[in-house]
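If you're wondering where the values come from, they're calculated on a predicted model, not measured in any experiment.
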Amino acid sequence: MKTSLHLAFAMTLFAAASCVLVMGLSTDRGAETAVLCSALLATVNGIGALALSHLGARWSSTKAFFGAVLGGMVLRMGLTLAGFAIGLRVLLLPEAPFATALLTFTALFTAAETAVWSRQNFSPRVRQS
């Protein structure tokens, strides 16, 4: 759990730092807003993944764990798609910066989640003492 909290904090810090960097380099307010919205969407998505994995790990069966993780994955993908559509159609964010930033943040956060999960054993039954 401690590693996941560190990762959640790091993801949030990275997203915030990236937004500050873009704001310093860009004069286009639309691109800045697009990067900010994509960072927020990807960060919520990544933190949701960490929360779902820990929620699934609390259940004793493997089936329940995979149900939480895979069901949560479908929910997260749907929410990301909905957020993307809202960003383009309702908020009228510029397509290229929004799509590029969302893809970049999501890829980096997914790689970080995978790295943490590959080193972490969530099951209390097989943990080494």
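- Val35 and Ser38 make their closest contact through O-OG, 2.9 Å (heavy atoms, listed as atom of the first residue, atom of the second, distance).
- The closest side-chain heavy-atom distance from Leu79 to Asn45 is not below 4.5 Å.
- Atom CG in Leu36 sits 11.0 Å away from atom OG in Ser18 (nearest 0.5 Å).
- When all heavy atoms of Ala34 and Phe98 are compared, the pair lying nearest together is O-CD1, 3.3 Å.
- Interatomic distance, OG1 of Thr110 versus CZ of Phe105, reported as 13.0 Å (0.5 Å rounding).
- Classification of the Phe109-Phe14 ring pair by plane angle, with boundaries at 30° and 60°, yields perpendicular.
- Taking CG from Leu21 and CG from Leu25, the interatomic distance works out to 4.5 Å, rounded to the nearest 0.5 Å.
- To the nearest 0.5 Å, the span separating CG on Leu92 from CD1 on Ile86 amounts to 12.5 Å.
- Leu70 contributes atom CG, which lies 12.5 Å from atom NZ of Lys63 (distance to the nearest 0.5 angstrom).
- One distance of note links CZ of Arg76 with OG1 of Thr106; it measures 9.0 Å at 0.5 Å rounding.
- If you chain together hydrophobic residues whose side chains sit under 4.5 Å apart, Leu91 and Leu41 fall into the same group.
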